[in-house]
Trainee: 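This is the structure I want to talk about, given as structure tokens.
This structure is a prediction, so every number in the text was calculated from the model and none was measured.
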Amino acid sequence: SPYDQVFAFGQYNFSSGNGTGPMNVMNNNNHNNNKRLAKFQNIPAFLFRDGTVTTMRGGDCSSSGRNVIPGRKPQSCLHDSEALIIEQLETSSSSTTSSSSSSSIIPDHVSEHMSEENWNILSPRAQAAFASLIEQDASIEAQTHVYANWPSIGTDDENKRRLGEQLADLDASYPGGMKAYLHKARILLKESAEGTNPFSDFTAYVPEGEVLSYDAPVPDSHTGMSFSQAEQQGLTGIAHVAFVLVAGGLGERLGYSGIKLGLETNLVTNKCYLEVYCKYILAMQRMAIQRTGREDIRLPLVIMTSGDTDPLTRKLLKENDNFGFEDDQIHLVCQDKVPALRDVNAGLSLDGDDRWTIETKPHGHGDVHHLLHREGHVNKWVEQGRKHVVFLQDTNALVINSILPTLGVSIAKGFHMNSICIPRLAGEAAGAIARLEHKTNPEKSLVINVEYNQLDPLLRTQGDCKGDVPDPNTGYSPFPGNANNLVIEMESYAKTLSGEDEGVVVEFVNPKYKDDTRTDFKKPTRLECMMQDIPKLFQKEMGQEANIGFTTFDRWFTFSPAKNSLESGIEAVQKGSTAPGTMSSAESDKYIQNQRKLKHAGMQIDVTEDGDLVEIGGIPVTPGPRVILCPGFAITQEEILRKVKGGSVTQRSTLVLEGSGLTIKNLDLDGALIIRTGPDCEVEVDGLVVKNDGYVLDEIPENENVEEIVAIRGYTMAKKEAMEIIIDEPGKYSIGADGEVKKLN
């Protein structure tokens, strides 16, 4: 047997060292006296005669190495025929190895609730998980429905094993195991039931940050930077950036069953969100290569998926050749789900249709920090000399415009974390960035996102006690709205993640109670965490040295997420909302953003204002023009000003520009025009006149049965006629009024 060198199995308490995975034992001949092992605390483990240890903490059989020693398999990876049943040792000197048909001794506290026969059909890792659960539940009895009153051996045996393996997996996937998860849950549920305000000991102030306007040529009088200055400063750091895309959700809220990253950002180019993000990063990479002369620069991308989105994300990448990324340039990390809780005692919720399955729910995008640490990405980036990491959400295509200026602000001001923000309406259901000053202990003060339902009660306890009200000078809340996209300085991030929490951000619980007694839930809840709460760990690890700030941009420039179904959006519009958050509004806002960019460059073009919107499919959208400036054409304001000179575009027109070597002068467009140029193509368009039938939107008739990808917008696009110019062969070209392409060399 490959496992005949197993020397001992038991519950070890190893307290020295820094690691959390398999470690080495010094002096194999005297294992009692010389253990140099990581901080295992009552973790089931195999000790081999060659001095290695492997834990039984989980089902991660990947190449990450958390539970893997060369030549050894973690218990969760063993086939049934290889399963090890090892008797626990009474003392380390009396260890023995038993055969695969042997049984293990049932602990006394377990035998009170489970028969020895049922105990012995469980794997060792499942036994350990149940033993721990029953022990911690002794005085609470919140989990007896999980482990007690099982039918006799021979009935539901496979289901019992399945439950045991799931419990072991859940125990392994959460830092600190189920014991830590349930302990936190009971505390948070108690505070929730009592209505405890987590910010009662703080006073809120507006933190230090930058306010940038795309159209403003001079620096802000308060903060001292203009948009162009911030963008140019950002360009100095683009060669040393890593990107993280948080994409753990399906498009169910949008009325779409697939992954949100696969949704088309617009119907003109039909490019999905993932492609837009990838092309932007590759455009930044191209600029970094040009600025440094280093052809080896590669900007890495990590995508955080979930069990729901991981296979579909991998499929999307494979079908599209990684959208131009090299295989070792893009990585996926998959977040785990956490147990659902059925009551204020943190009782585990079982599936309503399956008594042998613990219900699980997403833990939240805050998992991303722990996953990046666990999988070694942050340490690798530090070794590579990367200076910043950019965090993006999955369906807000406008935010890519803010990355460079936000990076510039971070570099200029030395921010360890910089939140991309927008002007926030008072009372709006959106989080706000605030500096929270602790009333008695300055060391606990920090800059962090405060959710809207916590901000108003907090503000009502301070100052004029009016709560979340607008600034009379601006009409907006003085606290910037959090767009939930971040730029974090790498060295401080790595230091923070190496702390005792290992990137596990502070969690919260948000149960929906049945009544005012606040004891029973309408549906199971769970612990949740948010990516933007990482400042709590910065504060814990760095104290007041942590420099957390924000950068605010105009809404039109950086924020229009697709998150709501068409029906929800129509309802919101009918109630007066100007931001329905649908696929159609997000698409419309992308066109409007590019209208503004071309207008700023001096082109004669209609820019859609609120009063110009037309209702299609129940959602107000731009009547046009529909403009797409691809990342391959320009990602900076300076590039657009240099590449676009004069010209005019009518309202009914559609324009797509793609190609780093493309310049457009004196364009006269009334219809649809698509120009795409390849690498090493220098193309000057001067005086081109285009008039054709163009593209138009067709509203879907009411009650017509269409596929969901169409239904979520409420309209289709009829591409009647367009001039399309595609140049792939390297060289220098000119295009005149008649549209004829002339190669100059």
Side-chain angles (χ1 to χ4, degrees), residues 17-21 23 38-39 60 62-66 175-176 234 236-246 281 284 288 297-304 328-335 365-392 403 406-420 446-449 484-506 529-550:
N18 297 315
T20 57
M23 306 296 289
K39 46 188 178 183
D60 184 358
S62 69
S63 61
S64 67
R66 286 195 305 140
T236 67
I238 59 175
H240 308 291
V241 173
F243 287 85
V244 177
L245 179 57
V246 178
I281 296 170
M284 182 182 281
I297 289 177
R298 297 294 182 271
L299 302 185
L301 169 65
V302 172
I303 304 174
M304 186 185 80
D328 62 351
Q329 190 179 356
I330 188 167
H331 301 274
L332 274 64
V333 294
C334 186
Q335 67 178 142
H365 48 57
D367 278 347
V368 67
H369 304 296
H370 175 67
L371 289 173
L372 291 174
H373 172 69
R374 188 187 78 184
E375 301 301 324
H377 291 294
V378 176
N379 287 338
K380 180 179 179 181
W381 293 337
V382 171
E383 293 171 0
Q384 293 172 342
R386 303 197 183 277
K387 304 299 183 184
H388 291 87
V389 54
V390 178
F391 291 84
L392 302 173
I403 295 172
T406 304
L407 177 62
V409 170
S410 293
I411 294 171
K413 293 188 173 294
F415 284 152
H416 294 129
M417 172 175 157
N418 191 354
S419 296
I420 295 176
L446 73 167
V447 176
I448 197 167
N449 175 78
N484 215 16
N485 296 272
L486 313 172
V487 175
I488 298 181
E489 191 271 328
M490 194 71 76
E491 184 177 349
S492 59
Y493 187 49
K495 178 180 179 180
T496 297
L497 297 188
S498 66
E500 65 174 347
D501 295 292
E502 299 181 355
V504 179
V505 299
V506 176
C529 58
M530 298 190 295
M531 177 178 74
Q532 62 268 33
D533 281 344
I534 188 70
K536 294 177 183 177
L537 296 188
F538 273 104
Q539 190 264 349
K540 182 176 180 179
E541 299 298 330
M542 300 179 64
Q544 294 307 296
E545 293 182 6
N547 188 8
I548 312 294
F550 69 89

Trainee: With heavy-atom distances below 4.5 Å as the criterion, would you say the side chains of R298 and D328 are in contact?
Mentor: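 Not touching, per the 4.5 Å side-chain cut-off.
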Trainee: Report the residue from K540, M530, K536 that forms a side-chain contact (heavy atoms from CB on, under 4.5 Å) with V506.
Mentor: K536
Trainee: What do you reckon, is CD of Q384 surrounded by more than 12 foreign heavy atoms closer than 6.0 Å?
Mentor: yes
Trainee: How far apart are the C-alpha atoms of V389 and V244, what are their side-chain angles, what is the distance that settles it, and do they pass the side chain to side chain contact (heavy atoms under 4.5 Å, CB included) test?
Mentor: CA-CA 7 Å; V389 54; V244 177; 3.7 Å; yes
Trainee: Is there side-chain contact between V390 and I281, with heavy atoms separated by less than 4.5 Å?
Mentor: no
Trainee: Give me the atom names and distance for the closest heavy-atom approach of E541 to G499.
Mentor: OE2-CA, 3.5 Å
Trainee: Less than 4.5 Å apart, any side-chain heavy atom of L301 and any of L245?
Mentor: yes
Trainee: So do the side chains of I534 and F391 get within less than 4.5 Å of each other, counting heavy atoms only?
Mentor: no
Trainee: For the residue pair L407 and G234, what are the closest heavy atoms and their distance?
Mentor: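 Taking L407 first and G234 second, the nearest heavy atoms are CD2-O, 3.4 Å.
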Trainee: For the backbone of E502 and the side chain of H373, can you confirm whether one donor and one acceptor N or O come within less than 3.5 Å of each other?
Mentor: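 Looks like no, no N/O pair under 3.5 Å.
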Trainee: Give, for atom CE of M531 and atom CG of D367, the distance between the pair rounded to the nearest 0.5 Å.
Mentor: 12.0 Å
Trainee: Using a 3.5 Å distance criterion without hydrogens, assess whether the side chain of N485 forms a donor-acceptor pair with backbone atoms of I420.
Mentor: no
Trainee: Are any side-chain N or O atoms of Q329 and backbone N or O atoms of L299, one a donor and one an acceptor, separated by less than 3.5 Å?
Mentor: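 Side chain of Q329 to backbone of L299, a donor-acceptor pair under 3.5 Å: yes, one is there.
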Trainee: Any donor and acceptor pair, going by atom type alone, linking the side chain of N547 with main-chain N or O of G414 inside 3.5 Å?
Mentor: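 It does hold such a pair.
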Trainee: Is the backbone N or O of N484 less than 3.5 Å from a side-chain atom of N449, with the two atoms forming a donor-acceptor pair by type?
Mentor: no
Trainee: Within the structure provided, determine whether S410 and E489 are in side-chain contact (heavy-atom separation under 4.5 Å).
Mentor: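 S410 vs E489: side chains apart.
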Trainee: Please give me the minimum heavy-atom distance between M417 and S419, naming the atom from each residue.
Mentor: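 Closest pair (atom of M417, atom of S419, distance): CE-OG, 3.7 Å.
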Trainee: Is there a side chain to side chain contact (heavy atoms under 4.5 Å, CB included) between M542 and T496 once you walk through the steps?
Mentor: CA-CA 7 Å; M542 300 179 64; T496 297; 4.0 Å; yes
Trainee: Check the surroundings of atom NZ in K387: do more than 12 heavy atoms from other residues, nucleotides or ligands lie under 6.0 Å from it?
Mentor: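 12 or below, so no.
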Trainee: Could you go through I448 and I548, starting from their C-alpha distance and side-chain angles, then the distance that decides it, and tell me whether this counts as side chain to side chain contact (heavy atoms under 4.5 Å, CB included)?
Mentor: CA-CA 8 Å; I448 197 167; I548 312 294; over 6 Å; no
Trainee: Any side-chain heavy atom of P300 sitting closer than 4.5 Å to one from H377?
Mentor: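 The answer is no; the side chains never approach within 4.5 Å.
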Trainee: Using every non-hydrogen atom in the two residues, find where I238 and A288 come nearest and quote the distance to one decimal.
Mentor: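 I238 and A288 have their closest heavy atoms at CD1-N, 3.5 Å.
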Trainee: Below 6.0 angstrom between ring centroids: does that apply to H369 and Y493?
Mentor: yes
Trainee: How far does CG of L372 sit from CG of L497, to the nearest 0.5 angstrom?
Mentor: 7.5 Å
Trainee: Begin from the C-alpha positions of V487 and V241 and carry the test side chain to side chain contact (heavy atoms under 4.5 Å, CB included) through to its verdict.
Mentor: CA-CA 10 Å; V487 175; V241 173; over 6 Å; no
Trainee: Using side-chain heavy atoms (C-beta onward) and a distance below 4.5 Å, is V447 in contact with F415?
Mentor: no
Trainee: A side-chain contact here means heavy atoms from C-beta on lying under 4.5 Å apart; do H388 and M490 qualify?
Mentor: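 In short, these two side chains do not touch, never coming nearer than 4.5 Å.
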Trainee: Locate the shortest heavy-atom distance separating Q335 from M304; write the atom from each residue and the value.
Mentor: OE1-CE, 3.6 Å
Trainee: Measure the spacing between NE2 of H416 and NZ of K495 and express it to the nearest 0.5 Å.
Mentor: 8.5 Å
Trainee: Would you say the side-chain atoms of H370 pair up with the backbone N or O of G503, donor to acceptor, closer than 3.5 Å?
Mentor: no
